[in-house]
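Structure first, then comments.
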Amino acid sequence: MIELFKMLLRRFEGVFLKPYICPAGVPTIGAGATTYEDGTKVKMSDPPITEQRADELLEFHAQTYLDAALKISPVLADHPERHVAIADFNFNLGSTRYKASTLRKRVEAEDWEGAAEEMMKWVWGGGRKLPGLVKRRTVDANLLLTD
């Protein structure tokens, strides 16, 4: 399960060894990491990292978001692919948004078709539909319909 999640993160986040500003305006490094394991925020002045260090950060964040998704929605324990979809949503948009969402309500009710429909509503950024988010949410929605 974690390998599938890490694959998705690499695909949608890319892997950058130097800090960069993500579309949300946040300093980021590796495969979408905005913080290090100790909670320190990534800064644009941070030195480049190695591929191995990027993999370590990816492993840490993937496990952190898988754990968070399961804590928020224990129903995901029996649904590995769906668990990955919700962990990806949380990684990309934050657990606070997930907790307050209709998506969470659909997941809790095990309404997977409704959850997939809700997932596809989260494709907007800066007031416009973003093609990258459409692709990402389509993958997540398809995972919700799998199992």
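- With sequence neighbours left out, the salt bridge (Lys or Arg N to Asp or Glu O under 4.0 Å) criterion links Lys43 to Asp46.
- Judged purely by distance below 3.5 Å, without hydrogens or angles, the side chains of Asn92 and Arg137 pair a donor atom with an acceptor atom.
- Residue pairs that meet the ring pair (Phe, Tyr, Trp, His ring centres under 6.0 Å) test with at least one member in residues 128-147, sequence neighbours left out, do not exist here.
- Counting heavy atoms from C-beta on, the side chains of Lys6 and Asp55 never come closer than 4.5 Å.
- Here Ile29 is tied into one hydrophobic group with Val15, Leu17, Tyr36, Val42, Ile49, Leu57, each link being a pair of ILVMFWY side chains closer than 4.5 Å.
- Contact check on Lys121 versus Glu118 returns a salt bridge, with a Lys/Arg side-chain nitrogen under 4.0 Å from an Asp/Glu carboxylate oxygen.
- Under the 4.5 Å side-chain criterion, counting only non-hydrogen atoms from C-beta, Arg136 is in contact with Glu13.
- Between the Asp88 side chain and the Val84 main chain, no donor and acceptor come within less than 3.5 Å of each other.
- For the pair Ala141 and Met119, the tightest heavy-atom approach, listed with the atom from each and the gap, is N-CG, 4.0 Å.
- Shortest non-hydrogen contact noted between Phe5 and Leu66 is CD2-CG, 3.7 Å.
- His83 places no side-chain N or O within 3.5 Å of a backbone atom of Ala69 that could act as its donor or acceptor partner.
- Residues that satisfy the ring-ring contact (aromatic ring centres under 6.0 Å, His included) test with Phe12, not counting sequence neighbours, are absent from this structure.
- Residues Arg106 and Thr102 form a side-chain contact, since some pair of their non-hydrogen atoms from C-beta on lies under 4.5 Å apart.
- The shortest side-chain heavy-atom distance between Ile72 and Ile86 does not fall under the 4.5 Å cut-off.
- With sequence neighbours excluded, the residues that form a side-chain contact (heavy atoms from CB on, under 4.5 Å) with Pro80 are Met1, Asp147.
- His79 places no side-chain N or O within donor-acceptor distance of the main-chain N or O of Leu144, the cut-off being under 3.5 Å.
- The ring-ring contact (aromatic ring centres under 6.0 Å, His included) with Tyr65 is formed by just one residue from the set Phe91, Phe60, Phe89; it is Phe91.
- Under the 4.5 angstrom side-chain criterion for Ile, Leu, Val, Met, Phe, Trp and Tyr, the cluster partners of Ile21 are Met44.
- Within a 6.0 Å radius of CD in Glu113, no more than 12 heavy atoms belonging to other residues, nucleotides or ligands are found.
- In this structure the side chain of Leu93 never reaches within 4.5 angstrom of the side chain of Tyr98, judged on heavy atoms.
- At distances below 3.5 Å, at least one donor-acceptor pair connects side-chain atoms of Thr28 with backbone N or O atoms of Val26.
- Leu143 and Glu81 make their closest contact through CB-O, 3.6 Å (heavy atoms, listed as atom of the first residue, atom of the second, distance).
- In this structure the side chain of Glu59 reaches within 4.5 angstrom of the side chain of Ile2, judged on heavy atoms.
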